[in-house]
Amino acid sequence: MSRALLPKHVAAVIKHQKDPIRALEIFKSVKNEDGFKHDLFSYKCMVNKLGSHGKFEAMECVMSEMRTDIDNSLLEGVYIGAMKSYGRRGKVQDAVYVFERMDFYDCERSAKAYNAIMNILVEYGYFDQAHKVYLRMKDKKIVPDVYTYTIRIKLFCRTGRPHAALRLLKNMPCQGCDVNAVAYCTVVGGLYEENYGIEGSKLFSQMLSFGICPNVTTFNKLIHTLCKKGDVEESERILSKVLKRGVLPNLFTCNIFIQGFCKQGAVDQAACLLDSVRRDGFLVDVVTYNTLICGLCKNSRVVEAECYLHQMVNKGFEPDEFTYNTIIHAYCKLHMVEKAEKILKDAVFRGFIPDEFTYCSLIDGLLLDGNVERAVAIFNNSIKRGLKPSIVLYNTLIKGLSQQGLILQALQLMNEMLENNCSPDIWTYNTVINGLCKMGCLSDANNLLDDAMTKGCLPDIFTFNTLIDGYCKQMKLGDAIELLAKMMDHGITPDVITYNTVLNGLCKAGKFEAVMETFETMVAKGCDPNIITYNILIENLCKAQKVKEAHNLLKQMKEMGLTPDTVTFGTLINGYCRKGDLDEAYQLFRKMDQQYRSSLATGTYNILINAFSEKQNIDIAEKLFHEMGGKGCTPDSYTYRVLIDGFCKTGNGDAGYSYLLQKIEKGFIPSLTTFGRVINCLCIENRVRDAVGLVYLMVQKGIVPEAVDMIFEADKKEIAAPKIVVEDLLKKSCITYYAYELLYDGVRDKKLQRKRLPVRNSDGFRKSSSVA
């Protein structure tokens, strides 16, 4: 007599069957067996099998059938399984629908059902809805359990309220719930996430002191939070604590640490970790290699990443799409497209099928190198190979063409998109509009905007900001302001970038009153100004000679929580200097680091050094120059130029001469005007030898007219070059006729020709190597 087929036998078969459709066929076929009837267990196995494979339509059919065969009051576990299956696939609304139907089908919900739906809602960021479910649970007099409170703790941490989570954790024993490691680690992770590291560390130690130790899964979730922030050191510290309590790390732990090191930029440590775990006999996987390869590529170490790719293959691992695409993308970003194509060729040989991301990387890389023809060929080749042209693929090529100024080709490609049933999106239009604006073709850009709207593609903030910027750069401010009103008509609220663009345009055009009116409108519309806004206002007021009013804006900035930067102070200091109020400019400069804690910059020093040099207050100018190094500001070519000019204006030829040599020594090439001013000073002081020395120095440094380079015979060039330089200095009005007469004779004087080139020493300067 054959053994009777029982539901538990069917359930076992379903559990071990990999194909959900085949499992469903078996499930249905056994119903024809005499005397066989599915029970709650076999139905639950079938529902879970279909749900875990995303076969939701079939799952719903089985559940419908189940409701007719099984007492509905017993089905809570099945419904919870269905909710979790929907949750794993991100189908939150469907999970909620299953939860709500339970009541309709007379299946009483316990804390388990409430916990399941709350957890799904929290995982996907539906925090308000999760809270409402909790309130419903309390209204139904259902007693929350440890899982309920743990989910609530997770909700508080996800919404940036770790201290509320901590209060709930401490209150759990009063509610009759034993606190577990999951609840503790969730709060610890929340504290770390919100940068309360000391509190997080103390709470973790407290948990261990209570004899509560997380398992490796719970611990991995905690260190994942830390490693995402790049805090590997803290992860290592808490790992050492749990290792002492017998928690053994697994492959996921290793992968998380490698990811953390890569996030921190410590890819060498990540590579060492992978190599060491392999030596210790730890079985790594494709994810381990991919994590390291991704980290290396993000740190521009693609060659090493390729070495690990080869190591993967040699160790018997099969690289996947992520592996190949990551390396190909990185090579393309580094302008090494040939290397990327070689990787692709090897990958295709191993069975890899290039996808949209692969082709986008290659096209982007080729366009970065300006190889438009090859990029278009790759695009066409991808379509020939059967890849359906997508909006992403088209946009990549259109962006590259627009950046190369090939707007006509970009527009042709947009037309081709429509022929291939791929409609341009607003990103496509914005890319081409941006290209047209950069070329100054504003009329065409506006027409393209109208075309986009005609085809139902609504413009966004970037569209309008691009056009407004284009109009402002061409000083078509009326059109820019008209466009500002138009964007409001389309329901798009101007942002701080929009207003800053308009304000800057008005400021450059000298429309001082319009700047302030637009600013008032901006604030009235609820758009908060930023540091750039205030810098534009300060520049505007300074140009209008209202420097005091501009200075008063510093207080307003502080009230707004904004910190003035070097541009702010530079503009104000320049405003005082242009007004002739050097005392106020100097006082504000001193307040920069003393009162406002703002870092000083070379540009700020240059403004003051120039102003004091212009006013012939050269002592203060020189004092500021010598102070620069100690403040971390290196003098640039402009610093030397204005200081040399100042000394020459005050008739201090020695200092001007010394700083000119210092400037050359620092690697800067002085202008002909600067050389001329120093030479004029030297000639007035009758220091013809030094003046002639500077002419020869100009020849030595290659600061000569083109005519000198046309002399190919060395001996003739050596004689003629100084004469040509002197003639050129006079022709360009860099030297006086008096200096010219002295130099004219000086470069022909045999004695002076044997003069040695000037070289600075610690005392200033002296004569050194011979010029003839």
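Predicted model, so just to flag it, every value in this text is computed and none were measured.
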Can you tell if the side chain of [X] reaches within under 4.5 Å of the side chain of [Y], non-hydrogen atoms only?
X	Y	result
Tyr86	Tyr97	no
Lys154	Asn119	yes
Glu318	Val286	no
Pro354	Arg385	no
Val187	Leu168	no
Leu393	Cys360	yes
Ile238	Val188	no
His163	Leu191	yes

Determine yes or no for a side-chain-to-main-chain donor-acceptor pair under 3.5 angstrom, with [X] supplying the side chain and [Y] the backbone.
X	Y	result
His38	Phe27	yes
Thr396	Val392	yes
Asp231	Glu234	yes
Ser209	Gln206	yes
Thr454	Asp450	yes
Tyr124	Gly90	yes
His9	Leu6	yes
Glu321	Asp355	no

Heavy-atom count check: over 12 atoms from other residues, nucleotides or ligands less than 6.0 Å from [X] [atom1]?
X	atom1	answer
Leu283	CG	no
Lys112	NZ	no
Tyr126	OH	no
Lys241	NZ	yes
Tyr196	OH	no
Phe127	CZ	yes
Leu243	CG	yes
Phe252	CZ	no

Atom of [X], atom of [Y] and distance for their closest heavy-atom approach:
X	Y	answer
Lys49	Ala23	CG-CB, 4.2 Å
Ser52	Ser85	N-OG, 3.8 Å
Val146	Met172	CG2-CE, 3.6 Å
Val247	Pro214	CG2-O, 3.3 Å
Gly87	Ala95	N-CB, 4.5 Å
Ser42	Pro7	CB-O, 3.9 Å

Measure up the [X] and [Y] rings against each other and bin them: parallel (under 30°), tilted (30 to 60°), perpendicular (over 60°).
X	Y	answer
Phe357	His329	tilted
Tyr324	Phe352	tilted
Phe257	Phe261	tilted
Tyr308	Tyr289	tilted

- Message: Is it true that Thr217 and Asn220 share a donor-acceptor pair across their side chains at a distance under 3.5 Å?
- Response: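 Note: Asn220 and Thr217 side chains miss the donor-acceptor criterion.
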- Please determine, by modelled atom types, if Ser361 and Asp364 share a side-chain donor-acceptor pair under 3.5 angstrom.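 Absent: no donor and acceptor within the cut-off.
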- Report yes or no: is the cationic atom of Arg109 (NZ for Lys, CZ for Arg) under 6.0 Å from the centre of the six-membered ring of Phe99, at an angle within 45° of the ring normal?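 Ring-cation test returns yes.
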- Give the C-alpha distance, both sets of side-chain angles, the deciding distance and a yes or no for side chain to side chain donor-acceptor pair (under 3.5 Å) between Thr148 and Asp145. CA-CA 5 Å; Thr148 315; Asp145 58 16; 2.8 Å; yes
Roughly how far, to the nearest 0.5 Å, is [atom2] of [Y] from [atom1] of [X]?
X	Y	atom1	atom2	answer
Lys229	Lys263	NZ	NZ	10.0 Å
Ile363	Asn395	CD1	CG	11.5 Å
Thr323	Leu309	OG1	CG	7.0 Å
Asn171	Leu166	CG	CG	11.0 Å
Phe56	Lys91	CZ	NZ	6.0 Å
Asn255	Gln259	CG	CD	8.5 Å

Quick one: do [X] and [Y] make a salt bridge, cutoff under 4.0 Å?
X	Y	answer
Arg22	Glu25	yes
Asp39	Lys8	no
Glu65	Lys28	no
Glu123	Arg158	yes
Arg161	Glu194	no
Lys455	Asp451	yes

- Please lay out, stage by stage, how Lys315 and Arg278 fare under the test side chain to side chain contact (heavy atoms under 4.5 Å, CB included). CA-CA 11 Å; Lys315 297 290 179 184; Arg278 275 186 48 254; 2.8 Å; yes
- Task: Begin with the C-alpha distance, continue with both residues' side-chain angles, and end with the deciding distance and a verdict on side chain to side chain contact (heavy atoms under 4.5 Å, CB included) for Asn290 and Thr326.
- Result: CA-CA 9 Å; Asn290 281 352; Thr326 301; over 6 Å; no
- Query: Stepwise, does the side chain to side chain contact (heavy atoms under 4.5 Å, CB included) test hold for Leu75 with Tyr105?
  - Reply: CA-CA 10 Å; Leu75 299 180; Tyr105 290 118; over 6 Å; no
- From CA spacing to verdict: side chain to side chain donor-acceptor pair (under 3.5 Å), Asp69, Tyr43: CA-CA 10 Å; Asp69 290 349; Tyr43 269 115; 2.5 Å; yes
- For the pair Gln311 and Phe317, evaluate side chain to side chain contact (heavy atoms under 4.5 Å, CB included) and give the outcome as yes or no after the intermediate values. CA-CA 9 Å; Gln311 188 183 107; Phe317 294 104; over 6 Å; no
